[in-house]
Amino acid sequence: MRMVNLAGAQLGPIQKDESREQVVRRMLALMDEAKAKGADLIVYPELALTTFFPRWYMEDQAEVDRWFEREMPNAATQPLFERARSYGMGMSFGYAELTPEGRHFNTSIIVDRDGQIVGKYRKVHLPGHAEYDTERAFQHLEKRYFEPGDLGFPVWRTMEGVFGMCICNDRRWPETYRVMGLQGVEMVMLGYNTPSVNSQKPEEGLEQRMFHNRLSVQAGAYQNATWVIAVAKAGVEDGHPLFGGSLIVDPDGTIVAEATTEADELIVHACDLDATVFGKTTIFDFKRHRRIEHYGLICSQTGAVPPA
Ligand code: CDT
């Protein structure tokens, strides 16, 4: 058995005027709770340090850039790195990254139990739009503020396993998990900020939206025989509700832990990375059963093209 005592640290809402330092204090409280529960890896949401700022339309680049981190760790996040290292706990969290070259990404990192950043992922599937959309009840401007990630979907051998990351909307795309599955991923870590209301389909109920969340994560886990942890930022941010439902799914596709609130909440599960072996070597023995001669369209076109 290769056990990872895994904690998902769901964050409740972060308001626009909350500072990084205030948020980090909440993250540290969840880390303390995770330590008390025996966790050795903690996963926080997408854009964990701030409100979900892409809902706000901004034209002034300086105003945009104040939501971004220019280095990691930095003064505000250093306490997270220090406490995690003192606990011997790995961690992953998302933040808005501004590179020295002036590039903007929606990023997450994996930090090992010695406090070293061992991996970085930049969100590939950016939802929403780039210009103000008068048709929407609220904006989702990720395409305005971020470039698509340029690092692909790497995995890392660390903490006695094979770990990968993706971010929010990525979880809805089977390609995300498959590319990591083809690298033998055993644990996919992801954070999300998902509005409780679909701005383009307001009649869609919350239950349906939560169903799609579970469905995407459970399918990705089962079809690639990997653990998946998906962690929400939840609750009402300046009048805009995000749903919770953070969950841990085993390599059989079964939910083993799920959050019940829309507040700061920890979910914990002892995950055996060896539980991935059966699915990887029998049901989805990729090398024996995949028929790549029939999958060409996946990499040669984006849109669907029905016959004439
Ligand atoms: N943050 C993020 O990617 N959220 C999306 C909502 C997209 S609505 C335009 C999600 O897939 O959950």
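Computed from heavy atoms alone, side chains included, the values below leave out hydrogens, waters and symmetry copies. In this chain, residues are counted from 1 in sequence order. Indexing begins at 1, ligand by ligand and atom by atom, following the structure's order.
In Y192, neither the side chain nor the backbone holds a heavy atom less than 4.0 Å from any atom of ligand 1. Contacts of H125 with ligand 1, taken as heavy-atom pairs under 4.0 Å, are absent altogether.
By the neighbour-count criterion of 12 heavy atoms within 6.0 Å, atom CZ of R290 is densely surrounded, having more than that number from other residues, nucleotides or ligands. Crowding of F278 atom CZ: a count of heavy atoms from other residues, nucleotides or ligands under 6.0 Å not exceeding 12.
Ring geometry for W227 against H269 counts as tilted: the plane angle lies between 30° and 60°, on a 0 to 90° scale.
Summary of contacts: the protein heavy atom closest to atom 12 (O) of ligand 1 is T194 OG1, 2.6 Å. Regarding atom 8 (S) of ligand 1, its nearest protein heavy-atom neighbour is H140 ND1, 3.9 Å. The protein atom (non-hydrogen) at minimum distance from atom 3 (O) of ligand 1 is K123 NZ, 2.8 Å.
Side-chain N/O atoms of E131 and H129 include no donor and acceptor closer than 3.5 Å. A donor atom on one side chain and an acceptor atom on the other are found under 3.5 Å apart for D65 and H104. Side-chain contact annotation: N106 with Y145, donor-acceptor N/O pair under 3.5 Å absent.
An N or O contact shorter than 3.5 Å links E46 to ligand 1 by distance.
Using a 4.0 angstrom heavy-atom cutoff, Q200 does not count as in contact with ligand 1. Residue H129 places no heavy atom under 4.0 Å from ligand 1.
The closest non-hydrogen atom to atom 4 (N) of ligand 1, taken over P45, G94, C168, S216, comes from C168.
Below 4.0 Å from some heavy atom of N193 lie the following atoms of ligand 1, by number and element: 1 (N), 2 (C), 4 (N). For ligand 1, the atoms sitting less than 4.0 Å from at least one non-hydrogen atom of F52 are 1 (N), numbered in the order shown with element in parentheses. For ligand 1, the atoms lying closer than 4.0 Å to a non-hydrogen atom of E142 are 1 (N), 2 (C), 3 (O).
Side-chain N or O atoms of K233 include none that pairs as donor or acceptor with a backbone N or O of P45 at under 3.5 Å.
By the 6.0 Å and 45° rule, R171 stacks over the aromatic ring of Y192.
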